[in-house]
Amino acid sequence: MKKIYLYPKVYPTENPYISNLERSLAGHFIIVNKDNNNKGVLDLFRYLFNADIYYFNWIENIPFRKFGKIQVAVFVVFLFLLKVLRKKIIWTLHNKYSHEKANCRWTDFMYSLMFRHSSFILTHSGEGIDFAGEKFPEYVYKVKYYIHPVTRLYHVSEEKKTEYDFLIWGTIWPYKGVVEFLRFLKERWEKPAICLAGICINEEMRKSLSPYLSENIVHIDRFLDFDEIADLAAKSRFTLFTYATGSVLSSGSLMDSVAMGSVVIGPDAGAFRDLSSYGFVRTYRDYGEILEIWRSAGNGNLKNRKNLEQFRDENSWEVFGNRLSNDLMSL
């Protein structure tokens, strides 16, 4: 078996992507780094003569970490050593640019590095291939699209009383556009029942959100486990994503919501657009279209599991691991 170094590995975390990825690869590869790689890029050197493949996720964000610019310089040296030693690099293109800071020369530099030096690039949105063709056309041949894998279906009651029109869940970051959407509703005098489930990323975000909370817009300001979120989803007509479309390609939260049996509304971009042909994902181009979807739905039961079981079976983490391992055998 080939040996893989997996980055990042920092547990526990609210994002289960890496732990699911590790399990999907375990039957096909040996994961050499068992512990958290919490020493930044210095940890990469520990396995230089032990790993055959380095598998990077969100590595483009290192400029924004502690001693970020120094870490970038060290990472450049590390890439040179990988080339000399003929190691292979896999990189997942999760976003068009970092959510943390758009239009940054450091982000551009990291993307340029990863496109140039990666042996294999995977993306969870067809738009990722379009992005590569536009920005880095000479490397687009390296990019392959895989639908973001889906976890198990959550078993929730189909008979729960609807309490909310929209559920918006997960940590509230500025790029998610939650405050902007609530401001739009206030300006339009619209009053759907909304549940915001998740902490604010900082106190500034919390203060920005506070003026829009009311008896019909509630905020559960804490971490919730997936069973709690699934329960809220069962009580909601829609699970809504108000993301700004600039950076978004794939979304683990979208796939988790699908696994919960939600009817999802999201921006007409990235993975949301990819899945819009299915009955459980609907897209919008502006906030007004969210209201149109809401009004046109009526008060009926929206939970639609048609093709959902089949979709999950065809795009499980196990299927993903099998497919990826087959594609990587030729590296």
For the backbone of [Y] and the side chain of [X], can you confirm whether one donor and one acceptor N or O come within less than 3.5 Å of each other?
X	Y	result
Lys96	Leu93	no
Gln71	Arg65	no
Asn57	Tyr7	yes
Lys186	Phe181	no
Asn37	Leu6	yes
Lys176	Thr171	yes
Ser236	Phe238	no
Glu289	Tyr284	no
Ser112	Asp108	no
Asp165	Pro192	no

Quick one, Asn50 with Lys3, criterion side chain to side chain contact (heavy atoms under 4.5 Å, CB included). Give me CA distance, side-chain angles, the key distance, then yes/no. CA-CA 7 Å; Asn50 195 19; Lys3 298 178 180 179; 3.2 Å; yes
Test side chain to side chain contact (heavy atoms under 4.5 Å, CB included) on Phe226 and Asp256; report intermediate values, then the result. CA-CA 9 Å; Phe226 282 109; Asp256 288 328; 3.5 Å; yes
Could you check if a side-chain atom of [X] sits within less than 4.5 angstrom of a side-chain atom of [Y], using non-hydrogen atoms only?
X	Y	answer
Val140	Glu138	no
Leu182	Ile194	yes
Ile62	Val41	yes
Thr151	Asn20	yes
Phe75	Phe56	yes
Leu48	Leu81	yes
Leu324	Asn326	no
Tyr55	Leu122	yes

Enumerate the side chain to side chain donor-acceptor pair (under 3.5 Å) contacts for residues 76-90, please, sequence neighbours excluded, ordered by first and then second residue. none
Kindly determine whether Arg312 and Ser316 satisfy side-chain hydrogen bond (donor to acceptor under 3.5 Å, both in side chains), including the steps that lead there. CA-CA 6 Å; Arg312 187 270 181 196; Ser316 68; 5.0 Å; no
Considering residues at least two apart in sequence or located in another chain, which fulfil the ring-ring contact (aromatic ring centres under 6.0 Å, His included) criterion with [X]?
X	result
Tyr146	Phe320
Trp58	Tyr17, His94
Phe241	Tyr243, Phe272
Phe78	Phe45, Tyr54

What pairs of residues pass the salt bridge (Lys or Arg N to Asp or Glu O under 4.0 Å) test when at least one of them lies in residues 187-207, not counting sequence neighbours? Glu190-Arg295, Glu203-Arg206, Arg206-Asp221
Listed once per pair and sorted, the salt bridge (Lys or Arg N to Asp or Glu O under 4.0 Å) pairs that draw on residues 320-331, sequence neighbours left out: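 Qualifying pairs: Lys144-Asp327.
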Decide yes or no on side chain to side chain contact (heavy atoms under 4.5 Å, CB included) for Trp173 and Met205, but give the supporting numbers first. CA-CA 7 Å; Trp173 291 77; Met205 190 79 247; 5.9 Å; no
Just to verify, what does [X] make a side-chain hydrogen bond (donor to acceptor under 3.5 Å, both in side chains) with, not counting sequence neighbours?
X	answer
Glu163	none
Ser325	His28
Glu292	none

Thr239/Ser262 under side-chain hydrogen bond (donor to acceptor under 3.5 Å, both in side chains): CA gap, chis, key distance, verdict: CA-CA 6 Å; Thr239 294; Ser262 298; 3.1 Å; yes
Between Thr92 and Ile121, is a side chain to side chain contact (heavy atoms under 4.5 Å, CB included) present by the stated rule, with each step listed? CA-CA 6 Å; Thr92 301; Ile121 301 170; over 6 Å; no
May I have the step-by-step check of side-chain hydrogen bond (donor to acceptor under 3.5 Å, both in side chains) for Lys9 and Asn33, ending in yes or no? CA-CA 8 Å; Lys9 280 186 66 177; Asn33 55 320; 4.9 Å; no
Looking at [X] and [Y], does any basic side-chain N land under 4.0 Å from a carboxylate oxygen?
X	Y	answer
Arg23	Glu318	no
Asp268	Arg273	yes
Asp43	Arg46	yes

As a test of understanding, state which of Trp91, Phe120, Phe109 forms a ring pair (Phe, Tyr, Trp, His ring centres under 6.0 Å) with Phe115.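 Option passing the ring pair (Phe, Tyr, Trp, His ring centres under 6.0 Å) with Phe115: Trp91.
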For the residue pair Tyr287 and Phe184, does the interplanar ring angle fall in the parallel (under 30°), tilted (30 to 60°) or perpendicular (over 60°) class? tilted
With sequence neighbours excluded, what pairs up with Asn315 under the side chain to side chain contact (heavy atoms under 4.5 Å, CB included) test?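 Expected list: Ile147, Val150, Phe311.
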Side chain to side chain contact (heavy atoms under 4.5 Å, CB included) with Asp313: which residues, sequence neighbours excluded?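 So Asp313 forms no side chain to side chain contact (heavy atoms under 4.5 Å, CB included) with any residue.
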